[in-house]
Amino acid sequence: MSEEEHAPEQNSLGKENFAPIEEILEGEHTGEEVKIRGWVHRTRDIGNMVFLNVRDPSGVVQTTIASDEFEEEKFEDLKDLLVESSLKVKGEVAKDERAPGGYEIRASEAEIVHASDDFPIHEDQSVEHLLDNRHLWLRSRRMRDILNVRSTVFEGIHEFFRDEGYEEFHSPILTPVACEGGATLFPVEYFDDQVYLTQSWQLYAEAAIFGMGDIYTIAPSFRAEKSRTPRHLTEYWHAEVEGLWHDLDDIIDLGEGLVLHLVEKVLEKNREELKNLDVDLEYLEDLEGPFPIITYEEAVSKLQDEGMDVSYGEDFGVPEEKKLTSLFDKPVFVTHYPKEIKAFYMKRDEEDESKVLGYDLMVPHVGELIGGSVRETKVESLERRLEEGGEDPSIYEWFLDTRRYGSVPHAGYGLGVERVLMWLCDLDHIRDAVPFPRTPNRYRP
RNA sequence: GCCGUCGUAGCUUAAUUGGCAGAGCACUCGGCUGUUAACCGAGCGGUUGGCGGUUCGAAUCCGCCCGACGGCGCCA
């Protein structure tokens, strides 16, 4: 291949040996000639000199473009660059008090990769405008920080379950059945039939444990609920686990273990991001097990002692959750809810048939982080509870089969990944825990 | 599903409570060799979300619709 034919998009600055801006800001290249590449973060033009602050995924550094270093036409082109133009710059790194961050690059060469159009996002933007331009807002430091933490959380979930000996199992996204009640499913055309987007991996997982043993997943779940709150998405990522021969204590330990592992993991990998996000690092650092465990009954009486108007048998609303979580300095497990306010698949407590062997793990500002339970193992009980819930048991025949052929005790839970991020990053709204949020009013971009 | 707030230039907003739609940022042009949200001067930019009504006159008042945001409920 001749020189002309080879990689015409490459230029005098080449494609190698570019320094991450972070290293320059840490003083690693002071006095050296370096190359950087990235986007124009801000410009200031004072005539025969231009300041271009350049951003890459690791940071922002000021570059100085002096007219006597460039041919006139090149200088004019650099001077005209708008915010978010992409470019490569070569120059000497200088430590200089006058530069934001304390370091700057005095450019000797520059290559404009793409001169940007007028970028739609500036300062003082409304929530609405940033959501409409989410594809561009992902370039912000805030979104970068959150998504870095998100990446760590996904890594941490896989790591935790695999270290504990759980295998990854996948359920179908398209399913013919509900899991938590039929009114909240997104219908999907399936040739001449109708199926639904899954709400949960669980029912399929309960079939899989007979072959695979202990399993987990991280997968999207969908809820067609018009929930207008700061902690609901219609599409969210659900970390779920199902453990063979597990009882309530086992899944409490497993829930606490996962949460503590994720805290440890993000503190290890994302300290900078958490600082940028103004997170209370001390709270996370001081967090350790065991988390408090109280029964639903105890929770109700605690709330009553606090003067709240709740009676036994009601599910907790937002004010109750807020009050309850404020009484503890750690996440709190609430166990043994009345069966009426929980799902059909939860096992009854043999000591009190009106209660189920399940829990919610609750944290301040976010509410329920994990919901878990021991699963009902008797066909008759499941059929009865489905009927009580107004459902047709015949749709669940395949699921009921799991209780007909060597039924075994087992338990599991589901954790809302975006809710964990909300808690870890101290976010006001769950939509910031995901790059392209889906809410009842918004599915673009 | 219910309750509430809002919709004016690309963005953020003002408009004396019904009387000439104005500004800042961005952008364009001009000036400036150390700016820090640079600064100085000029310019471009409006179907005031849409439709209808009241009025001599509507961004402003009324009705309907659309959209967004916040809260409750439902849930992870």
Side-chain angles (χ1 to χ4, degrees), chain A residues 41-53 60 62-69 75 79-84 94 96-102 104 106 116-133 136-137 179-181 183-185 199-202 218-240 255 314-322 341-343 359-363 366-373 413-423 428-431 433-434 439-442 444:
Chain A
H41 187 63
R42 208 183 291 289
T43 72
R44 280 180 294 276
D45 165 16
I46 55 165
N48 284 331
M49 180 133 110
V50 182
F51 298 94
L52 295 180
N53 295 11
V60 181
Q62 171 164 288
T63 66
T64 62
I65 313 285
S67 61
D68 49 18
E69 292 284 334
F75 179 73
K79 194 172 168 171
D80 288 342
L81 286 181
L82 301 184
V83 165
E84 289 303 314
D96 194 317
E97 294 289 312
R98 295 171 296 184
E104 68 182 15
R106 299 193 175 137
S116 177
D117 288 350
D118 187 9
F119 198 65
I121 301 177
H122 304 103
E123 307 105 36
D124 298 330
Q125 304 291 335
S126 61
V127 171
E128 182 179 356
H129 190 247
L130 294 178
L131 286 170
D132 287 343
N133 289 283
L136 301 175
W137 182 235
C179 178
E180 314 253 0
T184 62
L185 294 155
Q199 276 184 322
S200 170
W201 159 96
Q202 180 191 324
I218 315 176
S221 278
F222 304 87
R223 300 281 163 98
E225 290 158 346
K226 292 194 172 177
S227 300
R228 281 205 53 83
T229 84
R231 39 188 182 279
H232 286 87
L233 294 166
T234 54
E235 176 183 325
Y236 67 100
W237 286 76
H238 208 172
E240 295 182 88
E314 290 174 32
D315 207 355
F316 301 133
V318 169
E320 289 78 23
E321 272 183 12
K322 271 188 185 153
I341 56 175
K342 288 291 168 188
Y359 72 76
D360 287 349
L361 179 65
M362 304 211 277
V363 294
V366 179
E368 190 182 340
L369 220 53
I370 297 180
S373 67
Y413 66 72
L415 166 146
V417 177
E418 285 80 8
R419 286 197 176 173
V420 170
L421 279 159
M422 222 182 139
W423 176 61
D428 292 335
H429 202 294
I430 196 168
R431 65 185 161 221
V434 61
T439 57
N441 285 350
R442 194 178 276 282
R444 297 191 179 93

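Just so we're clear, the structure is a prediction, and the values are computed from it rather than from any experiment. Letters A, B, ... are given to chains in the order of the sequence lines, protein chains preceding strands, and every chain is numbered from 1.
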Please state how far atom [atom1] in [X] lies from atom [atom2] in [N], giving the value in whole angstrom units.
X: Leu130(A); N: A68(B); atom1: CG; atom2: C1'; answer: 13 Å
X: His238(A); N: C75(B); atom1: NE2; atom2: C1'; answer: 10 Å
X: Arg98(A); N: G34(B); atom1: CZ; atom2: P; answer: 9 Å
X: Leu52(A); N: A37(B); atom1: CG; atom2: P; answer: 16 Å
X: Arg42(A); N: G34(B); atom1: CZ; atom2: P; answer: 20 Å
X: Asp45(A); N: U28(B); atom1: CG; atom2: P; answer: 11 Å
X: Asp80(A); N: C27(B); atom1: CG; atom2: P; answer: 11 Å
X: His232(A); N: G71(B); atom1: NE2; atom2: C1'; answer: 13 Å

**Message:** Would U28(B) be called syn or anti here, given the cut-off of 90° from 0?
**Reply:**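 U28(B): anti.
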
**Message:** Regarding Lys342(A) and Asp315(A), does a basic nitrogen lie under 4.0 Å from an acidic carboxylate oxygen?
**Reply:** no

Measure from the side-chain heavy atoms of [X] and tell me the nearest of [options].
X: Val318(A); options: G34(B), A76(B), C72(B); value: C72(B)
X: Arg431(A); options: U12(B), C32(B), G70(B); value: G70(B)
X: Pro319(A); options: A76(B), G73(B), C32(B); value: G73(B)
X: Glu321(A); options: C75(B), U35(B), G70(B); value: C75(B)
X: Tyr236(A); options: A76(B), C27(B), C72(B); value: A76(B)

Could you tell me whether [X] contacts a base, only the sugar-phosphate backbone, or nothing, with contacts defined as non-hydrogen atoms closer than 4.0 Å?
X: Ser221(A); answer: nothing
X: Leu233(A); answer: base
X: Arg106(A); answer: base
X: Gly317(A); answer: sugar-phosphate
X: Leu415(A); answer: nothing
X: His429(A); answer: sugar-phosphate
X: Glu104(A); answer: base
X: Val366(A); answer: nothing

Roughly how far apart, to the nearest Å, are [N] and [M] at atom [atom1]?
N: U47(B); M: G31(B); atom1: P; answer: 33 Å
N: G50(B); M: C11(B); atom1: C1'; answer: 22 Å
N: G46(B); M: C32(B); atom1: C1'; answer: 34 Å
N: A9(B); M: G22(B); atom1: P; answer: 14 Å
N: U60(B); M: A14(B); atom1: P; answer: 16 Å
N: G70(B); M: A37(B); atom1: P; answer: 29 Å
N: G53(B); M: A58(B); atom1: P; answer: 12 Å
N: C20(B); M: C6(B); atom1: P; answer: 23 Å

**Message:** Check the phosphate of C69(B) against Asn441(A), side-chain N and O only, distance under 4.0 Å to OP1 or OP2. Yes or no?
**Reply:** yes

**Asked** Side-chain N or O of Arg419(A) less than 4.0 angstrom from OP1 or OP2 on C75(B)?
**Response**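 False: Arg419(A) side-chain N/O out of range (4.0 Å or more) of C75(B) OP1/OP2.
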
Are any non-hydrogen side-chain atoms of [X] and [Y] less than 4.5 angstrom apart?
X: Asp360(A); Y: Glu321(A); result: no
X: Glu128(A); Y: Arg442(A); result: yes
X: Tyr236(A); Y: Arg419(A); result: no

Pairing check on [N]: which nucleotide meets the Watson-Crick or G-U wobble criteria with it, both distances under 3.5 Å?
N: G34(B); result: none
N: U55(B); result: none
N: G22(B); result: U13(B)
N: U60(B); result: none
N: G41(B); result: C29(B)
N: G70(B); result: C3(B)

**Item:** Which atom of Glu104(A) lies closest to which atom of Thr64(A), heavy atoms considered
**Value:** OE1-CG2, 3.5 Å

**Distance-minimising heavy-atom pair for Glu240(A) and Ser200(A)** = OE1-OG, 2.8 Å

**Item:** Heavy-atom protein contacts under 4.0 Å, nucleotides 4-10 of chain B, coded B base, S sugar-phosphate only, - none
**Value:** -------

**Asked** Along nucleotides 41-50 of chain B, 5' to 3', which nucleotides get a B, which get an S, and which get a -, given that the test is a protein heavy-atom distance under 4.0 Å?
**Response** ----------

Atom pair [atom1] ([X]) and [atom2] ([Y]), whose distance is rounded to the nearest 0.5 Å:
X: Ile121(A); Y: Asn133(A); atom1: CD1; atom2: CG; result: 5.0 Å
X: Met422(A); Y: Arg431(A); atom1: CE; atom2: CZ; result: 10.0 Å
X: Ile65(A); Y: Leu52(A); atom1: CD1; atom2: CG; result: 4.5 Å

**Asked** With Phe75(A), which residues qualify under ring-ring contact (aromatic ring centres under 6.0 Å, His included), at least two apart?
**Response** none

**Complete:** When Gln62(A) and Leu81(A) are each assigned the nearest nucleotide of RNA chain B, the 5'-most assignment goes to Leu81(A)

**Whichever of Lys79(A) and Val83(A) has its nearest RNA chain B nucleotide further upstream toward 5'** = Val83(A)

**Item:** Heavy atoms from other residues, nucleotides or ligands near CG of Asp68(A) exceed 12 (cutoff 6.0 Å)
**Value:** yes

**Pair His232(A)-Thr229(A), side-chain donor/acceptor within less than 3.5 Å** = yes

Is [X] side chain donor-acceptor paired with the [N] base, going by distance under 3.5 Å alone?
X: Gln125(A); N: U12(B); answer: no
X: Arg228(A); N: G70(B); answer: yes
X: Ser227(A); N: C74(B); answer: yes

**Request:** Take Lys79(A) and Thr43(A) through the test side chain to side chain contact (heavy atoms under 4.5 Å, CB included) and record every step on the way to the result.
**Result:** CA-CA 8 Å; Lys79(A) 194 172 168 171; Thr43(A) 72; over 6 Å; no

**Item:** Test item: Arg223(A) side-chain N/O and Gln199(A) main-chain N/O as donor-acceptor pair under 3.5 Å
**Value:** yes

